[in-house]
Amino acid sequence: MAQFELVPRKVPQVQTKYRRIVTDIPVPESIPILERLRQYEPISMSGQPLVVWDRAEGIQVFDRWGNMWLDWSSGVLVANAGHSHPEISQAILDQVRHGLTHNYCFPSEIRAKVVEGLAEVAPPGLKKVFLLTTGAETCECAIKLARTWGLKVGGREKITVVTFDNAFHGRTLGAQMAGGIPSLKQWIVNLDPNIVQVPFPDGFRCPDTRFELFLESLSRQGIRPEMVAGVMTETYQGGNASFAPPEYIQRLRAWCDEHQALLIFDEVQAGFGRTGKYWGFEHYGVVPDVICCGKGISSGLPISAVIGRADVMDLYPPGSMTSTHTGNPVCAAAVLANLKVIREENLVENSRKLGEEILQPGLRAVAAKFPHHVGTVHGKGLVASLHIVKPGGIEPDANRAAEIVRRCVEKGLLMFSPVGYGGASVKVAPPLVIGEEPLRESIQVLEEAMDEVVSAT
């Protein structure tokens, strides 16, 4: 992911109900702020479009200089209930004013309410909840639990954790070893030989969607079924919004049951209505043993959770699996309010309806207009990804994808930088509170941007 240059570009002014661009982009007055960030932050933090956020409300992001963006990022799939939702903001303020902002692992009533609330929205049988801070932490915890489970039921040989090519589970050590993007883990050097990857059956980068490919891939790596402690997969692969066929996952569930391996779904992006179902794995008709969740859990504050079977979650005795900020009271208040908003505002149904009727068909129509530049469109509900390719093949075209995003931002449609395979997937993830009118307008903006980019090359 390359840096965007700190050079303002003159762009046409935009004025609609949902978008407003009245300055050059980036805003000249914002350059000193951007320069300070580049001076004091690591260069790794400078890969996003140069929009200096001042505030965000609902489906829109504002800067200090009069610009207003229609948000297609949800702050990287966090703001499911929209930015600064009044009920969530009020719950945060109320908790601060109540006078408890931290209590470590000492008991608190609000933590009891949160774990109970999350257990209630989880499938039957998954009733233990461990609160953490980030999505990567939940994946680390899941790996730890899978290994511990394997040692318990199968002895020293049952320690292998299976994950998938092109997967992303976070940036900490174990999460990156579990990830399936080789370039992101070159720094590790001594990779764990018992964390292995197999192809993800997305039907595009991996046309072979047979479950037999899973078995064949393990066999080629010398992994026997009795060696596998757990299989962890993103419900959809985050960068590419790619789902596996339901029958593949159903056979995987049966295989895990047969061989006493835990099935772990990383729902950090997919949970809380994003895909048109409360949990993304509902599309597969299966229930995992462990769920990793975060991002949309609070619609704003840093909190995450591992939800699982009691016999798995209780593997560790008191005091041996904890977290300094577990169930932070302020973050917990945000979770409780967020769960209430998702339920009362029917956000899961809104995601399903708008995804099926507008977003997914709309993006496929855009892709059909540029068949030489869009390899495929993947997604469900209010998440999608356009796989941008070089003409004549399926090779990812990161430069063109970045230019599409830049043009969208200049038109008042906020997106984060391209992600996924080869850094060439244009990701779409509006807040779940978006309505039909702004969703249609944003698809039109994307089409305009792509038309300009394709016409210019």
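Within the 4.5 Å cutoff, the side chain of Leu151 has heavy atoms near those of the Ile159 side chain. Taking 4.5 Å as the limit, some side-chain heavy atom of Leu446 sits within range of a side-chain heavy atom of Leu386. Between Arg171 and Gln176, the closest side-chain pair of non-hydrogen atoms falls below 4.5 Å. Looking only at side-chain heavy atoms (C-beta outward), Trp72 and Ile443 come within less than 4.5 Å of each other. Looking at heavy atoms from C-beta onward, Val306 lies out of side-chain contact with Ile291 at the 4.5 angstrom threshold. In this structure, Arg147 and Asn194 have side chains that are in contact, with non-hydrogen atoms separated by less than 4.5 Å. The shortest distance between side-chain heavy atoms of Ile143 and Met177 does not fall below 4.5 Å. Counting heavy atoms from C-beta on, the side chains of Leu413 and Trp69 never come closer than 4.5 Å.
The backbone N or O of Tyr236 sits nowhere less than 3.5 Å from a side-chain atom of His378 that would complete a donor-acceptor pair. Asn338 contributes a side-chain N or O that, together with a main-chain N or O of Gly296, makes up a donor-acceptor pair within less than 3.5 Å. Judged purely by atom type and a 3.5 angstrom limit, Asn80 has no side-chain atom pairing as donor or acceptor with the backbone of Leu432. Glu267 places no side-chain N or O within donor-acceptor distance of the main-chain N or O of Thr235, the cut-off being under 3.5 Å. Remark: the backbone N or O of His387 is not paired with any side-chain donor or acceptor of Tyr421 at under 3.5 angstrom. Of the possible polar contacts, one joining the Lys127 side chain to the Ala119 backbone as a donor-acceptor pair under 3.5 Å is found. Of the possible polar contacts, one joining the Gln60 side chain to the Tyr18 backbone as a donor-acceptor pair under 3.5 Å is found. With hydrogens and angles disregarded, a donor-acceptor distance shorter than 3.5 Å links the side chain of Glu140 to the backbone of Gly174. Using modelled atom types, one side-chain atom of Gln360 and one backbone atom of Val383 make a donor-acceptor pair closer than 3.5 Å. Within the 3.5 Å criterion, the main-chain N or O of Val228 finds no donor-acceptor partner in the side chain of Thr160.
For Phe214 and Phe211, the ring centers are positioned less than 6.0 Å apart. Remark: aromatic rings of Trp279 and Phe272 are close, center separation under 6.0 Å.
No more than 12 heavy atoms of other residues, nucleotides or ligands lie within 6.0 Å of NE2 in His325, so this atom counts as exposed by the packing criterion. Environment of CD in Glu109: sparse, with no more than 12 heavy atoms of neighbouring residues, nucleotides or ligands closer than 6.0 Å. By the 6.0 Å contact criterion, NZ on Lys128 is open, its count of non-hydrogen atoms from other residues, nucleotides or ligands being 12 or less.
No hydrogens or angles considered: nothing links the side chains of Glu57 and Ser84 as a donor-acceptor pair under 3.5 Å. For the residue pair Thr148 / Tyr316, a side-chain donor-acceptor distance below 3.5 Å is found, with atom types taken as modelled. For the residue pair Arg274/Ser74, the side-chain donor-acceptor check at 3.5 Å is satisfied. Side-chain atoms of Ser299 and His85 form no donor-acceptor pair, as typed in the model, at a separation below 3.5 Å.
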task = I would like to know whether Lys152 and Asp311 meet salt bridge (Lys or Arg N to Asp or Glu O under 4.0 Å); could you show each step before the answer?
result = CA-CA 11 Å; Lys152 177 183 177 181; Asp311 58 337; over 6 Å; no

task = Kindly indicate, with the supporting measurements, whether the criterion salt bridge (Lys or Arg N to Asp or Glu O under 4.0 Å) is fulfilled by Glu349 and Lys353.
result = CA-CA 6 Å; Glu349 173 60 16; Lys353 185 174 186 293; over 6 Å; no

task = Kindly determine whether Thr275 and His283 satisfy side chain to side chain donor-acceptor pair (under 3.5 Å), including the steps that lead there.
result = CA-CA 9 Å; Thr275 70; His283 289 286; 3.1 Å; yes

message = Could you go through Met415 and Lys427, starting from their C-alpha distance and side-chain angles, then the distance that decides it, and tell me whether this counts as side chain to side chain contact (heavy atoms under 4.5 Å, CB included)?
response = CA-CA 7 Å; Met415 307 177 77; Lys427 188 80 169 284; over 6 Å; no

inquiry  = If you apply the rule salt bridge (Lys or Arg N to Asp or Glu O under 4.0 Å), what do you find for Glu403 with Arg400, and how did you get there?
reply    = CA-CA 5 Å; Glu403 182 64 9; Arg400 183 171 277 112; over 6 Å; no

task = With side chain to side chain contact (heavy atoms under 4.5 Å, CB included) as the test, would you mind laying out the steps for Ser304 and Ile297 before giving the verdict?
result = CA-CA 7 Å; Ser304 60; Ile297 193 172; 5.6 Å; no

inquiry  = With side chain to side chain contact (heavy atoms under 4.5 Å, CB included) as the criterion, how do Leu215 and Trp255 come out once you've worked through the C-alpha distance, each side chain's angles and the decisive distance to 0.1 Å?
reply    = CA-CA 10 Å; Leu215 304 175; Trp255 185 90; 3.4 Å; yes

inquiry  = Could you go through Arg309 and Leu126, starting from their C-alpha distance and side-chain angles, then the distance that decides it, and tell me whether this counts as side chain to side chain contact (heavy atoms under 4.5 Å, CB included)?
reply    = CA-CA 5 Å; Arg309 290 170 16 198; Leu126 307 186; 3.7 Å; yes

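Atom CG of Asp266 sits about 6.0 Å away from atom OG1 of Thr138, to the nearest 0.5 Å. Taking SG from Cys331 and CG from Leu336, the interatomic distance works out to 11.5 Å, rounded to the nearest 0.5 Å. Taken from CD in Gln39 to CZ in Arg36, the straight-line distance is 9.0 Å, to the nearest 0.5 Å. Expressed to the nearest 0.5 Å, how far CZ of Phe164 lies from CD of Glu234 amounts to 10.5 Å. Going from atom CG of Leu363 over to atom CD1 of Ile358 covers 11.0 Å, rounded to the nearest 0.5 Å. Taken to the nearest 0.5 Å, the CG atom of Asp54 stands 14.0 Å off from the CE atom of Met68.
Contact record, Val268 with Gly135: CG2-CA, 3.8 Å, taken as the closest heavy-atom pair. Residues Leu145 and Leu315 come closest through the heavy atom pair O-CD1, 3.7 Å. Residue Asp165 comes nearest to Gln237 through the heavy atom pair O-NE2, 2.8 Å, listed as atom of the first residue, atom of the second, then distance. Scanning all heavy atoms of the two residues, the minimum distance from Pro431 to Leu382 falls at O-CD1, 4.1 Å. Minimum heavy-atom separation, Ser425 to Asn240: OG-OD1, 2.8 Å. In terms of heavy atoms, Pro49 sits closest to Ser417 at CD-OG, 3.6 Å.
Of the listed residues (Asp289, Val290, Val286), just one forms a side-chain contact (heavy atoms from CB on, under 4.5 Å) with Phe265, and that residue is Val286. Only one option out of Thr133, Leu131, Asn103, Val115 pairs with Thr326 in a side-chain contact (heavy atoms from CB on, under 4.5 Å); it is Leu131.
In this structure, Lys380 is positioned above the aromatic face of Phe243, its NZ or CZ under 6.0 Å from the six-membered ring centre and within 45° of the axis.
Ring orientation note: the planes of Phe106 and Tyr104 are nearly perpendicular, at an angle over 60° on the 30°/60° scale. Ring-plane geometry between His83 and Trp53 is classed as perpendicular, the angle between the planes exceeding 60 degrees on a 0 to 90 degree scale with a lower cut at 30.
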